[in-house]
Amino acid sequence: MNRIATIAAITGFVGLVLFVIGVVLEPRQALTSYVFAYAAMSTVVLGALIQVMMSNVTGARWFTVMRRITLHVTGAMPALVILAIPLFAGAAIIYSWTSPSMLPAATRAIVDRKVAWLNMPFFIVRGVVYLGVWLAVAEILRGRSLRRDETRGLAAASETQRLRRFSAGGLVAVGLTLTFASFDWLMSLEPTWYSTVYGVYVFAGGFVSALGLIAILARISSRAGVALDGVVTPEHFGALGKLLLTFVIFWAYIAFSQFLIIWIGDVPLDASWYLTRTSGSWGTLALIVVIGQFALPFVLLLPRAPKRRPRFLAAIGWLLLATHVLDSYWLVLPALHPLGMAPSWLDVAALLMVGGLTAAAAVWRARGQSLLPLGDPYVARAMQYVEP
């Protein structure tokens, strides 16, 4: 584990050096690429956090054996809080609404009507609130889970009930803040456009990729001789596969609903966002995202038997993670390059920086911690889970 943390930290440091050089040479490209990388990584971690809370609230016993590895993913949250600094420091370069006088008259008129929301002081305050909520919820859940390992019997059962109540409130808090963060940090890249479904779309993409990451980690942790060998069984992978199939369909439903509503409305200002992203090379990327994040996983996950194979489900997880990165790129970079894709070395640098440092933080904080929640009163029952 120390070796993995070291490799991730080195990767992140290399990305950091390249990113700093990029900020000097091409500040707008570097910072917009950073928004893409930060959105891709943070939504995965938040998706893992939401899955932990959902399993607590619903009492999903089967997920107990995977809950700790999922909580270890959320251990990256402190690093993500620090890594959000460039979003605030570079906001004047990233977001056109910070300089309305430089905008065309028609665009400026629309932005002026949103000035009560789109202004730098309020933008920063809201961002701090979002990060504070995510950090508090993640750390409380993680800390309570680790402390529960030291208790048994009635004390552990009582703590389980408290975690369930806390998760119910946490789902509301994280859901709302993630929605507004997607409005602020992503949708306002093009301040004349808006969609009330946008926040759900961002959540759905992050959640699907988080489930994919859980499948990968569960596969790695359950191999022969590893901590969860014999604990995470094909029964658990089958249940996780069904959850993956459900939310792959949910993501497609939200994506299509947003597109359909805007297409039916036929308002030029609203349609312009999709016209950019469905034309030329951006349209090709959109098709790749649809295939990789819906069509292919949907077909592969429909049969029961493949979902029970750890290696197969982990491969689907890698596909969903890669497609989520492309989806985040498709959401962000057309704001900078509306005429077509213009891949930059800074896209890779930002991804290496945020991904490497985030992974290093998560792995480093997981050192010495059990991969199985030994204090959970339902862990024994979860190990005997049989898929219906």
Side-chain angles (χ1 to χ4, degrees), residues 42-78 80-81 126 128-183 196-211 213-214 236 239-240 242-244 246-247 249-251 253-254 362 372-382 385:
S42 61
T43 47
V44 173
V45 175
L46 287 169
L49 178 60
I50 290 170
Q51 171 56 20
V52 170
M53 292 188 288
M54 283 178 56
S55 70
N56 286 336
V57 170
T58 59
R61 303 285 184 258
W62 67 270
F63 190 74
T64 302
V65 296
M66 299 182 183
R67 185 179 296 135
R68 182 58 56 81
I69 59 176
T70 309
L71 277 170
H72 286 330
V73 174
T74 68
M77 192 58 70
L80 283 172
V81 170
R126 291 196 306 272
V128 171
V129 171
Y130 305 152
L131 294 168
V133 169
W134 300 344
L135 180 62
V137 172
E139 290 300 291
I140 290 172
L141 283 173
R142 186 173 181 274
R144 285 185 171 181
S145 177
L146 293 174
R147 285 195 300 272
R148 189 169 54 180
D149 284 357
E150 303 171 3
T151 62
R152 294 292 188 275
L154 292 177
S158 177
E159 180 62 23
T160 298
Q161 293 302 316
R162 285 194 291 270
L163 279 171
R164 177 175 293 183
R165 290 192 293 269
F166 179 80
S167 295
L171 279 172
V172 176
V174 173
L176 286 174
T177 50
L178 174 56
T179 297
F180 283 105
S182 67
F183 293 161
T196 54
V197 187
Y198 189 85
V200 184
Y201 178 90
V202 172
F203 150 74
F207 190 74
V208 167
S209 61
L211 292 178
L213 178 59
I214 294 168
H236 298 100
L240 181 60
K242 288 190 288 189
L243 193 62
L244 259 175
T246 300
F247 278 94
I249 296 171
F250 177 74
W251 174 85
Y253 168 74
I254 294 300
L372 191 64
L374 301 174
D376 194 301
Y378 302 106
V379 67
R381 189 185 305 177
Y385 172 77

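In this chain, residues are counted from 1 in sequence order.
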**Student:** Give me the atom names and distance for the closest heavy-atom approach of V133 to A173.
**Tutor:**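 Heavy atoms of V133 and A173 come nearest at CG1-CB, 3.9 Å.
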**Student:** Any non-hydrogen side-chain atom of W251 less than 4.5 Å from a side-chain atom of F247?
**Tutor:**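 In short, these two side chains do not touch, never coming nearer than 4.5 Å.
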**Student:** Within this structure, what is the CE-CG distance for the pair M77 and L46, rounded to the nearest 0.5 Å?
**Tutor:**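 So the CE of M77 and the CG of L46 are separated by 4.5 Å.
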**Student:** Taking all non-hydrogen atoms of both residues, which atom of A382 and which atom of T64 are closest, and how far apart?
**Tutor:**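 Closest heavy-atom pair between A382 and T64: CB-CB, 3.6 Å.
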**Student:** Can you see whether F180 has R126 sitting over its ring - NZ or CZ less than 6.0 Å from the centre and within 45° of the normal?
**Tutor:**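 Ring-cation test returns no.
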**Student:** How many angstroms lie between CD in Q51 and CG in L213, if you round to the nearest 0.5 Å?
**Tutor:**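 These two atoms lie 12.0 Å from each other.
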**Student:** Have a look at F166 and tell me which of N56, V137, V57, L171 forms a side-chain contact (heavy atoms from CB on, under 4.5 Å) with it.
**Tutor:**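 So the option named by the test is V137.
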**Student:** Using the side chain to side chain contact (heavy atoms under 4.5 Å, CB included) rule, take Y385 and V65 through it: C-alpha gap first, then chi angles, then the decisive distance, then the call.
**Tutor:** CA-CA 10 Å; Y385 172 77; V65 296; over 6 Å; no
**Student:** Report yes or no: do R68 and S145 form a side-chain donor-acceptor pair below 3.5 Å?
**Tutor:**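 On atom types as modelled, these side chains qualify, holding a pair under 3.5 Å.
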**Student:** If the plane angle is over 60° it's perpendicular, under 30° parallel, otherwise tilted; pick one for F203 and F250.
**Tutor:**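 If you compare the ring of F203 with that of F250, the planes turn out perpendicular.
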**Student:** What's the shortest heavy-atom distance between A76 and V45, and which atoms?
**Tutor:**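 Of all heavy-atom pairs spanning A76 and V45, the closest is CB-CG2, 4.4 Å.
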**Student:** Kindly compute the distance separating CG (L178) from CZ (F183), expressed to the nearest 0.5 Å.
**Tutor:**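 If I round to the nearest 0.5 Å, the distance is 10.0 Å.
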**Student:** To the nearest 0.5 Å, what is the distance between CZ on F63 and CG on L243?
**Tutor:**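 Answer rounded to 0.5 Å: 8.0 Å.
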**Student:** Just verifying a value: how many Å separate L372 CG and I69 CD1, rounded to the nearest 0.5 Å?
**Tutor:**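 Between atom CG of L372 and atom CD1 of I69 there are 10.5 Å.
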**Student:** Grab the two heavy atoms, one from T177 and one from V174, that are nearest each other, plus how far apart they are.
**Tutor:**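 Heavy-atom minimum between the residues: OG1-O, 3.1 Å.
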**Student:** Calculate, to the nearest 0.5 Å, the distance between atoms CZ and CG belonging to R67 and L163 respectively.
**Tutor:**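 Reported to 0.5 Å precision, the distance equals 8.0 Å.
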**Student:** Which pair of non-hydrogen atoms, one from S182 and one from V202, has the smallest distance, and what is that distance?
**Tutor:**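 For S182 versus V202, the nearest heavy atoms are CB-CG2, 3.8 Å.
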**Student:** Compare every heavy atom of H236 with every heavy atom of W62, then report the nearest pair and how far apart it is.
**Tutor:**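 Minimum heavy-atom contact is O-CD2, 3.2 Å.
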